[in-house]
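Please read the structure below before turning to the comments.
A quick note: this is a predicted structure, and the numbers were derived from the prediction, not measured. By convention here, the first residue in the shown sequence is residue 1.
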Amino acid sequence: MMNRLRYIKNIFFLILIFPFVINCQKSYQKKKQMNTTLMEGIDVKKSMFKLEDLELNFYKYNDVFIENISINDLMDKTYRDKFFLYLDKRENEDDFKATLFTTLLLMRIEQLKDEDAYFLLSESSKIPDISFNGIELLSNNLLELFLQDPYFFIQQGNKLHETSLINYIMILLKEIIVKEEFFELNTGFAKLEKGMIILDYKVEKDFTNKELIKEVKKTPKLEVIFSPSLYSDWENKTMYFSDIQSFFNDILTEKLTIAENLYYKFNILPVLSEFRIKEIVNSSEEERITTYAAFIQDPDGYTNLRKAKNVSSEILQRIESGEEIEVIDNRGDWYLIKTKEGQTGYVHKSRVRTGEAFISRILKIYDRPDFSSFSKEILAKQEIEIVHQNLGWNFIKVNGASGYLPTEEKQQESQKDEKKKFSFLADEEDIKPEKKKGFWDNLFG
């Protein structure tokens, strides 16, 4: 009986002291972590930064190299303020001690999810000169870290009630996400879907964060077929853009607390909503337009008529550039067409052109679909390529130039008297002033 009572007492005692032991362990671990230096715990080989880019054993503060300063000291406000004055003071143009400090903080966030590093990064970013050589110089790395783990940034921003750092990241985010208009202005043909958040292809290629690169590779890809444009280096190219909407889906928001969700909705969601694809801009499968005439344009001088809707399908016929065709079905990326020989098959839509071809006229094109925007006159001696149409304006390419050309209807709506001068749909004689009849003309009819 006594042994049983002793056993129960021991169990009860362990239950009582267990929380105390756990708290002591956490306190010890926290203290141990805070006593570590900025460089401790970092594996440079696994970082997006390279060891040769770090100026280690170079900058000293109070006879201690920056990378050897303890985090515990930096968390002390008095010490931190003096250290920031040291970072703020530049000895010469090659002084990048603030860059080294920021790099170390970003590495700790990247590999250790270090909350103190986030706090120090946030505090240092509020000082202009430190920020200039810090997060502004390393803005790409900061943005990649955010995309790698947006949850960490939301969590820490909410915890510190801090928005300046996340607002700066949102400015950076706007620069690497493309909208629907991007593809139209760069003559890219893509099957966009509602809700997509699309990364700029060229920006993605420059990512250095290995973990982020792995995650981006898993995302759905959007095939974009570009006609020659500045973005495609004036070549016909097919590029695959990444849709990163999965980075901000329910899996993320379900992890957030109520307060973190509010932080996300007020500081991040508005930017994402601005750049999400809001509507499907391509023809749906249910749409089909009446058969119409068009012609083939291909930089190779010809294109292949295929039996099925893919490049590996059997070639039925070779169609020369400039040859007129009949479009039977323009749903999807491959058009069903009929050649002048009566052969039917499929041609990719990027090789099909409509509109007025080979017209020599003076055109007035605008930078934007707005009569008040900058305009210029060009002599169109070559084919006029209508890239897309929007509310009475045609975005065209001709003679190596591009811009917006109003339709006849749009010109008639305007109060400017330009419709007879510059409409490429008008006949040559239409733009000449009417000659008044003289006396002898009227007499003899």
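In this pair, F101 and F84 present their aromatic rings perpendicular. The plane angle is above 60°, beyond the 30 to 60° band. Between F83 and Y86, the ring planes are tilted. Angles from 30° to 60° get that label. Ring planes of Y79 and Y61: perpendicular class, angle over 60° (limits at 30 and 60°).
Seen from the ring of Y231, K202 counts as a face-on cation partner, given the 6.0 Å and 45° thresholds. By the 6.0 Å and 45° rule, K255 stacks over the aromatic ring of Y151. Note that R318 lies in the cation-pi zone of Y302, set by a 6.0 Å cut-off to the ring centre and a 45° limit from the axis. A cation-pi contact, defined as under 6.0 Å to the ring centre and within 45° of the axis, links K179 to F275. Both the sub-6.0 Å distance and the 45° axial angle are not jointly satisfied by K349 relative to the ring of F189.
Counting only N and O atoms by type, the side chains of N209 and Q148 include a donor and acceptor under 3.5 Å apart. A donor-acceptor pair shorter than 3.5 Å can be found between the side chains of E136 and S131. Side-chain contact, N167 with S164: no donor N or O sits under 3.5 Å from an acceptor N or O. Between the side chains of N310 and S312, at least one donor N or O sits under 3.5 Å from an acceptor N or O. For Q317 and T339, the side-chain atoms include at least one donor-acceptor pair closer than 3.5 Å. Judged purely by distance below 3.5 Å, without hydrogens or angles, the side chains of E223 and T238 never pair a donor atom with an acceptor atom.
To the nearest 0.5 Å, atom CG of residue L38 and atom CD1 of residue I69 are 6.5 Å apart. Atoms CD and OG, from E175 and S139 in turn, are 7.5 Å apart once rounded to the nearest 0.5 Å. The CG atom of L100 sits 11.5 Å away from the CG atom of N133 when rounded to the nearest 0.5 Å. To the nearest 0.5 Å, the span separating CG on N141 from CG on L106 amounts to 6.5 Å. In this structure, CG in N158 is found 5.5 Å from OG1 in T257, a value given to the nearest 0.5 Å. With rounding to the nearest 0.5 angstrom, the NZ atom of K89 is 13.0 Å from the CG atom of D129.
Side-chain atoms of E184 do not come within 3.5 Å of backbone N or O of T187 as any donor-acceptor pair. Remark: side-chain polar atoms of E144 are paired, donor with acceptor, to backbone N or O of T208 under 3.5 angstrom. Under a 3.5 Å cut-off, the side chain of N186 and the backbone N or O of F182 do form a donor-acceptor pair. Side-chain N or O atoms of R351 include none that pairs as donor or acceptor with a backbone N or O of T303 at under 3.5 Å. A donor-acceptor distance shorter than 3.5 angstrom exists from the side chain of T103 to the backbone of T99, with no hydrogens or angles considered. Side chain of T102 to main chain of A98: a donor-acceptor pair is present (N/O by atom type, distance under 3.5 Å, no hydrogens or angles). In terms of modelled atom types and a separation under 3.5 Å, the side chain of D243 and the main chain of M196 share no donor-acceptor contact. No side-chain donor-acceptor contact under 3.5 Å links T253 to the backbone of N261. In this structure, the side chain of R306 does not engage the main chain of I315 through any donor-acceptor pair within 3.5 Å.
For F65 and Y59, the distance between ring centers is not under 6.0 angstrom. The six-membered or imidazole ring of Y404 lies away from that of Y366, with a centre-to-centre distance of 6.0 Å or more.
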Start with the C-alpha distance between L336 and V327, add both sets of side-chain angles, then the distance that settles side chain to side chain contact (heavy atoms under 4.5 Å, CB included), and finish with yes or no. CA-CA 6 Å; L336 177 63; V327 178; over 6 Å; no
From CA spacing to verdict: side chain to side chain contact (heavy atoms under 4.5 Å, CB included), N140, L172: CA-CA 8 Å; N140 291 340; L172 300 176; over 6 Å; no
K46/K210 under side chain to side chain contact (heavy atoms under 4.5 Å, CB included): CA gap, chis, key distance, verdict: CA-CA 8 Å; K46 296 180 179 179; K210 297 175 183 177; 5.8 Å; no
Run the side chain to side chain contact (heavy atoms under 4.5 Å, CB included) test on L142 and L121 for me, step by step, so that the C-alpha distance in whole Å, both residues' side-chain angles and the decisive distance to 0.1 Å come before the verdict. CA-CA 10 Å; L142 175 65; L121 183 69; 4.0 Å; yes
Check the pair F371, W393 against ring pair (Phe, Tyr, Trp, His ring centres under 6.0 Å), reporting the backbone distance first and the verdict last. CA-CA 10 Å; F371 285 111; W393 291 83; 4.9 Å; yes
Start with the C-alpha gap between N249 and S246, add the side-chain angles, then the distance that decides, and say whether side chain to side chain donor-acceptor pair (under 3.5 Å) holds. CA-CA 5 Å; N249 60 11; S246 59; 5.2 Å; no
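Shown here is K126, whose NZ atom has more than 12 heavy atoms of other residues, nucleotides or ligands within 6.0 Å. For K113, the NZ atom counts as densely surrounded, since its 6.0 Å shell holds more than 12 non-hydrogen atoms of other residues, nucleotides or ligands. Environment of NZ in K221: crowded, with over 12 heavy atoms of neighbouring residues, nucleotides or ligands closer than 6.0 Å.
Using a 4.5 Å heavy-atom threshold, the side chains of L212 and F247 count as touching. Inter-residue side-chain proximity for L145 and M48 is flagged as met; some heavy-atom pair is nearer than 4.5 Å. Counting heavy atoms from C-beta outward, E235 and P228 have side chains that stay 4.5 Å or more apart. Taking the side chain as every heavy atom from C-beta outward, I154 and L252 approach each other to under 4.5 Å. Side-chain contact check for I319 versus N304: every heavy-atom pair is 4.5 Å or farther apart. When side chains are defined from C-beta on, L305 counts as touching I337, because their heavy atoms get closer than 4.5 Å. Side-chain contact between I42 and R108 is present, with at least one heavy-atom pair separated by less than 4.5 Å.
The ring-ring contact (aromatic ring centres under 6.0 Å, His included) test with F183 singles out one residue from Y201, F395, F241, and that residue is F241.
We find that R368 and D370 are joined by a salt bridge, their nearest charged nitrogen and carboxylate oxygen being less than 4.0 Å apart. For the pair E115 and K159, the salt-bridge criterion is met [side-chain N within less than 4.0 Å of a carboxylate O]. Ion pairing between D81 and K77 holds under the 4.0 Å rule for side-chain N and carboxylate O.
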